[in-house]
Amino acid sequence: MTVKLTDTSFFISSTEPQKLPQSISEVAFVGRSNVGKSSVINAICNKKNLARTSKTPGRTRAINIFTPSNGRWIVDLPGYGFAKVSEEEKSSWKQMIEEYITGRKNIKAVYIIVDGLVGPTELDRVMIEWVRAVNVKFKIIVNKTDRISNLNLEKLKNDTAENLGIDKNLIFCVSAKTKAGIGNITGDVGNLL
Ligand SMILES: Nc1nc2c(ncn2[C@@H]2O[C@H](COP(=O)(O)OP(=O)(O)OP(=O)(O)O)[C@@H](O)[C@H]2O)c(=O)[nH]1
Ligand SMILES: [Mg+2]
């Protein structure tokens with residue numbers, strides 16, 4: 001069975017992951033601040049303003065949960081690595097993200113979004129290592145491909161796979177702006193949920 005994402009609506013927002021109920025199934029989106037987590041969620045659900053997006057990094061400050069169908073969750077997490085946030089706030093976000101991910105029985109995958117123009121950063125590697133260590137499945141989304149001149153999707157996928165030392169099949173190259181490649185994520189999320 002594949003879950004359709006077109007009727008996704010906002011469910012709840014929380015900064016206390018330990019108080020969240022369990023879901024039937026869920027997927028979460030993580031990544032550095034401003035890489036387009038909220039934009040990708042809007043794109044896969046084909047909705048403009050489901051998740052709040054912003055030009056200013058640090059927009060999403062809580063765990064925001066959306067649901068395409070009762071008990072099935074799409075989870076937008078705050079971004080990591082935003083320099084302008086105080087150390088205290090950074091560490092509280094880190095704790096919130098880690099507590100959330102480790103507390104979920106039915107999490108099917110974490111999508112780690114990286115910036116197509118910047119490429120994977122040290123923080124992204126740390127995140128990958130961490131989700132591996134806690135035994136949660138992950139996939140990589142390379143977003144903002146519209147900003148890459150002379151885009152060669154096959155090469156981008158190969159280079160990213162090599163760079164991160166992971167299987168090519170775990171990588172999606174997309175643009176939340178133009179919607180290029182977004183259907184593949186919609187399908188993948190629908191299948192996982
Ligand atoms: N060119 C381009 N811009 C994008 C794309 N996706 C997102 N953006 C822009 O990037 C900025 C950040 O997008 P968000 O979706 O708010 O990013 P986020 O990762 O949720 O950010 P935080 O919640 O602050 O961590 C916005 O100005 C978006 O319009 C894309 O595919 N291409
Ligand atoms: Mg966001």
Side-chain angles (χ1 to χ4, degrees), residues 5 8-15 17 26-67 73-101 109-128 130-131 138-153 156-157 160 171-186 188-189:
L5 307 188
T8 304
S9 56
F10 175 74
F11 178 46
I12 37 173
S13 184
S14 171
T15 53
E26 67 197 85
V27 297
F29 290 79
V30 299
R32 285 190 310 122
S33 224
N34 213 41
V35 291
K37 298 173 291 297
S38 303
S39 300
V40 166
I41 290 175
N42 287 336
I44 63 173
C45 298
N46 202 18
K47 292 233 169 25
K48 278 211 174 92
N49 300 307
L50 185 64
R52 283 183 71 183
T53 66
S54 167
K55 285 198 174 82
T56 319
R59 170 72 258 172
T60 308
R61 292 172 178 234
I63 299 165
N64 286 310
I65 302 171
F66 304 93
T67 168
W73 294 4
I74 294 171
V75 181
D76 190 10
L77 294 167
Y80 45 80
F82 175 41
K84 284 188 190 150
V85 170
S86 70
E87 284 305 317
E88 201 181 327
E89 201 167 0
K90 263 188 214 164
S91 86
S92 95
W93 286 5
K94 181 168 183 277
Q95 197 186 340
M96 189 162 60
I97 295 167
E98 292 185 355
E99 267 183 28
Y100 162 73
I101 292 175
V110 169
Y111 292 88
I112 302 172
I113 308 190
V114 306
D115 188 309
L117 209 52
V118 178
T121 69
E122 196 46 40
L123 279 172
D124 297 322
R125 290 169 196 285
V126 169
M127 191 66 194
I128 291 171
W130 185 81
V131 291
F138 70 92
K139 305 198 181 200
I140 303 292
I141 296 174
V142 181
N143 188 34
K144 307 198 184 184
T145 54
D146 60 284
R147 296 180 66 200
I148 304 172
S149 50
N150 305 318
L151 176 65
N152 178 333
L153 280 174
L156 179 63
K157 214 183 237 194
T160 309
I171 301 174
F172 297 91
C173 298
V174 308
S175 164
K177 187 177 178 182
T178 67
K179 310 282 191 317
I182 284 293
N184 295 326
I185 304 177
T186 309
D188 199 58
V189 169

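For ligands, and for the atoms within them, numbers begin at 1 and follow the listed sequence. Computed from a predicted structure; not experimentally measured. Side chains included, hydrogens not; waters and symmetry mates left out as well; all remaining heavy atoms used.
- For Asn184, the side chain to side chain contact (heavy atoms under 4.5 Å, CB included) test picks out Phe172, with sequence neighbours left out.
- Between Asp76 and ligand 1, no N or O atom pair is found at a separation short of 3.5 Å.
- Shortest non-hydrogen contact noted between Glu26 and Val75 is OE2-CG2, 4.2 Å.
- Side-chain atoms of Thr67 do not come within 3.5 Å of backbone N or O of Phe11 as any donor-acceptor pair.
- For the pair Ala176 and ligand 1, the shortest N or O to N or O distance falls below 3.5 Å.
- Between Lys177 and ligand 1, at least one pair of N/O atoms sits closer than 3.5 Å.
- The Mg ion (ligand 2) lies under 2.8 Å from an N, O or S atom belonging to Ser38.
- The closest heavy-atom contact to atom 9 (C) of ligand 1, among the options Lys179, Lys144, Lys37, comes from Lys144.
- The shortest N or O to N or O distance between Gly36 and ligand 1 is under 3.5 Å.
- In the model, Ser39 has no side-chain atom that pairs as donor or acceptor with a side-chain atom of Asn42 under 3.5 Å.
- Residue Thr145 is tested with Leu117, Leu151, Thr178 for a side chain to side chain contact (heavy atoms under 4.5 Å, CB included); the sole match is Leu151.
- The side chain to side chain contact (heavy atoms under 4.5 Å, CB included) test applied to Glu122 returns Arg125, Val126, not counting sequence neighbours.
- Of all the listed residues (Gly31, Ser39, Ala43), Ser39 holds the heavy atom that lies closest to atom 13 (O) of ligand 1.
- Remark: ligand 1 atoms within the under-4.0 Å shell around heavy atoms of Ser38 are 15 (O), 20 (O).
- With a 4.0 Å cut-off on non-hydrogen atoms, Arg147 touches ligand 1 through its side chain and not its backbone.
- Residue-to-ligand polar distances place Asn34 within reach of ligand 1: an N/O pair is separated by less than 3.5 Å.
- Checked by distance only, ligand 1 and Thr53 stay at 3.5 Å or farther apart across all their nitrogen or oxygen atoms.
- Judged purely by distance below 3.5 Å, without hydrogens or angles, the side chains of Asn64 and Ser13 pair a donor atom with an acceptor atom.
- Every atom of ligand 1 with a heavy atom of Gly79 under 4.0 Å away is listed here by number and element: 25 (O).
- Ring-centre distance between Tyr111 and Phe29: below the 6.0 Å cut-off.
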